[in-house]
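Since the structure comes first, as structure tokens, the remarks are kept for the end.
Computed from heavy atoms alone, side chains included, the values below leave out hydrogens, waters and symmetry copies.
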Amino acid sequence: MPQLDSRLLEVVNENIDSVAPSGIRAFDQKISSIPGIVKLTIGEPDFDVPEHVKQAAIKSIEENKSHYSAQKGIPELRSGIANYLKKRTGVDYDPESEIIVTVGATEAIFSALTSMLNPGDKVIVPTPAFALYFPIIKVAGAELITIDTSDDGFVLTPEKLQAALDENGDSVKAIILNYPTNPTGVEYSKEQLQALADIISQHQMFVLADEIYCELTYGVKHYSIASMLPGQTILVNGLSKSHAMTGYRVGYIAAPKDFVTEASKMHAFVVTAPSNPAQYAAAEALNNGLDDAIPMRQAYEKRRDYIADRLEKMGMAIAMPQGAFYIFAKIPDTIDETSVEFATTLAGEAKVGVTPGSAFGPGGEGYVRLSYAASDEDIQLAMNRMSEYLLSVAE
């Protein structure tokens, strides 16, 4: 095996060198080798891709649609995205100039942030939050400004947003809002979004709205801040969660033309163009499968209710999720361990995998995230094991 020349050990992008790998993935890998472990760690739907969507991918291969697509995506998919967003947000996006098909929402976030940020810029992120945002902001040379929402029901308040803007001034170039939220499952109401939009509208800044879980809400309607601030919002979404297409890697950016013109350059530099079979599958999903998420959503809601009931009986307080497929549970006060220590012990002794809350930034310590995008059998087994473990340590 080749060894890197010692003269090159320090020849590295300093921004990359200073960030750690994803805490979510790192912990999942750490516990995966434990025999018999049941994992509720990763947000990976346990459903299969709808059959008609799979057939669209197969058909594209059979028809030899194997050449480079347009860099911003095939027209059928961009039109499908525009039509979908018109129905869901009320905003008209031009498929030709205001939409980019990306390799997953991850690439959409990367291409968007690296297209808008310069060294010295600041980005506000309400936490706990999806940890991917943190290193991308760092790699772009910008500064992360976190706002701890744990004392406010995991919702960013207008007062805390205004305080952060007052403190950091014009150097704030963007705020990232993810809702329904990973890791808490909390959704923002129309009134809560409007209160934030009223403040943001007074500043020269973007909103990166990560709405990847928008099709998975329970008893509440999803509103997009793009409908309130269309000229400032960079909307990110994808098919991974709504259609269980995580492995297809299809996401997108929808934004005003002037921003898309710049972001499409970064997108092209990073990936050239998305995969054709995945794009034709996604086009089928959006054009003919908008109801595909309904049975998944119904199953997730039942799992949410079951886990919430079991956790509360174990003495673990939660914020009841209104969307996504995660529960953020507070570690019982009787257990004197950090979230990493608790999750490690739970994995080793109870053979249940959960994600430490510290992986999601300030406000996450003292909590663990459980994903209910797992089978009913695994969830029931995990709850039984957790209950037995917590009873044993309480004795």
Side-chain angles (χ1 to χ4, degrees), residues 42-89 93 95-96 99-109 111 180 182 210-218 222 224 235-254 267 271-303 323-326 371-376:
I42 302 298
E44 173 80 24
D46 66 314
F47 293 94
D48 292 326
V49 175
E51 190 63 32
H52 70 107
V53 175
K54 291 190 287 187
Q55 290 304 316
I58 293 169
K59 183 180 178 182
S60 75
I61 296 170
E62 292 176 339
E63 294 180 350
N64 294 311
K65 293 176 179 176
S66 57
H67 303 285
Y68 289 126
S69 78
Q71 289 193 317
K72 288 190 289 188
I74 61 173
E76 298 95 320
L77 178 51
R78 281 182 281 140
S79 293
I81 293 168
N83 292 334
Y84 166 78
L85 291 177
K86 174 64 175 176
K87 292 177 184 177
R88 291 295 194 260
T89 71
Y93 290 101
E96 180 60 33
I99 290 172
I100 307 170
V101 180
T102 59
V103 181
T106 297
E107 191 245 310
I109 294 165
S111 293
N182 177 5
D210 180 356
E211 302 184 23
I212 191 70
Y213 297 100
C214 70
E215 289 296 319
L216 302 176
T217 60
Y218 314 116
H222 177 82
S224 175
L235 178 61
V236 168
N237 207 330
L239 283 294
S240 290
K241 314 303 181 181
S242 62
H243 288 76
M245 293 173 64
T246 50
Y248 285 58
R249 310 308 304 133
V250 180
Y252 57 85
I253 295 170
H267 160 73
V271 301
T272 302
S275 158
N276 273 312
Q279 288 190 82
Y280 283 101
E284 171 66 19
L286 287 177
N287 290 320
N288 299 305
L290 290 185
D291 292 336
D292 289 343
I294 292 175
M296 301 183 203
R297 183 166 64 237
Q298 292 170 340
Y300 290 141
E301 186 171 8
K302 290 180 181 178
R303 295 172 185 176
F325 37 58
Y326 308 107
S371 168
Y372 47 93
S375 70
D376 293 342

task = Compare all side-chain heavy atoms of Y252 with those of L85 and state whether any distance is below 4.5 angstrom.
result = yes

task = Find the distance between OG (S375) and CZ (F47) and round it off to the nearest 0.5 Å.
result = 10.0 Å

ask   = Where the side chain of N276 meets the backbone of H67, is there a donor-acceptor pair that is under 3.5 Å apart?
value = yes

message = Applying side-chain contact (heavy atoms from CB on, under 4.5 Å) to I212 and V236, what does each step give before you reach the verdict?
response = CA-CA 7 Å; I212 191 70; V236 168; over 6 Å; no

inquiry  = Main chain of I74, side chain of Q279: is a donor-acceptor contact present, judged purely on distance under 3.5 Å?
reply    = yes

key: L286 side, atom CG; S79 side, atom OG - distance, nearest 0.5 Å   = 11.0 Å

remark   = d(K302 NZ, Q298 CD) to nearest 0.5 Å is 7.0 Å

key: S224 vs L235 side-chain heavy atoms within contact, under 4.5 Å   = yes

ask   = Between Y300 and P45, which heavy-atom pair has the shortest distance, and what is it?
value = OH-CB, 3.3 Å

task = Give the ring-plane orientation class for Y218 versus Y372, where under 30° counts as parallel, over 60° as perpendicular and anything between as tilted.
result = tilted

ask   = If only atom types and distance count, is the side chain of H243 paired as donor or acceptor with the main-chain N or O of A281 below 3.5 Å?
value = no

key: Under 3.5 Å: donor-acceptor pair, side chain of R297, backbone of E215   = yes

ask   = Hey, what do you get for CG (N287) to OH (Y84), rounding to the nearest 0.5 Å?
value = 13.0 Å

ask   = Considering all heavy atoms of both residues, which atom of V53 and which atom of E284 are nearest to each other, and what is their separation?
value = CA-CG, 4.0 Å

Side-chain touch D292/H52, heavy atoms, less than 4.5 angstrom = yes

task = Please report the closest heavy-atom contact between P274 and A70, naming both atoms and the distance.
result = CD-O, 4.4 Å

Minimum heavy-atom distance between G238 and S242, given as atom pair plus value = O-OG, 3.9 Å

request  = Indicate, with yes or no, if the rings of Y213 and Y326 have centres closer together than 6.0 Å.
outcome  = yes

query = With a 4.5 Å limit on heavy-atom distance, are the side chains of R303 and D46 in contact?
reply = yes

ask   = Between Q71 and H267, does any side-chain donor sit less than 3.5 Å from a side-chain acceptor?
value = no

Pairwise distance CZ(R78) to CD1(I99) - rounded to 0.5 angstrom = 8.0 Å

query = Where is the tightest heavy-atom contact between H222 and T217, given as atom of each residue plus distance?
reply = CB-CG2, 4.3 Å

note = What one should report as the nearest heavy-atom pair of P277 and I61 is CG-CG1, 3.8 Å

inquiry  = Donor-acceptor check, side chain of K241 to backbone of G43, threshold 3.5 angstrom: yes or no?
reply    = yes

request  = Would you check if Y248 and K54 make a side-chain contact, meaning some heavy-atom pair closer than 4.5 Å?
outcome  = yes

query = Can you find a heavy atom in the side chain of D210 that is under 4.5 Å from one in the side chain of I109?
reply = yes

task = Could you please spell out the steps behind the side-chain contact (heavy atoms from CB on, under 4.5 Å) verdict for R88 and N237?
result = CA-CA 12 Å; R88 291 295 194 260; N237 207 330; over 6 Å; no

remark   = Interatomic distance, CD1@I81 vs CG@L239, rounded to 0.5 Å, equals 7.5 Å

request  = State which residues pass side chain to side chain contact (heavy atoms under 4.5 Å, CB included) with A273; sequence neighbours excluded, sorted by chain then number.
outcome  = S69

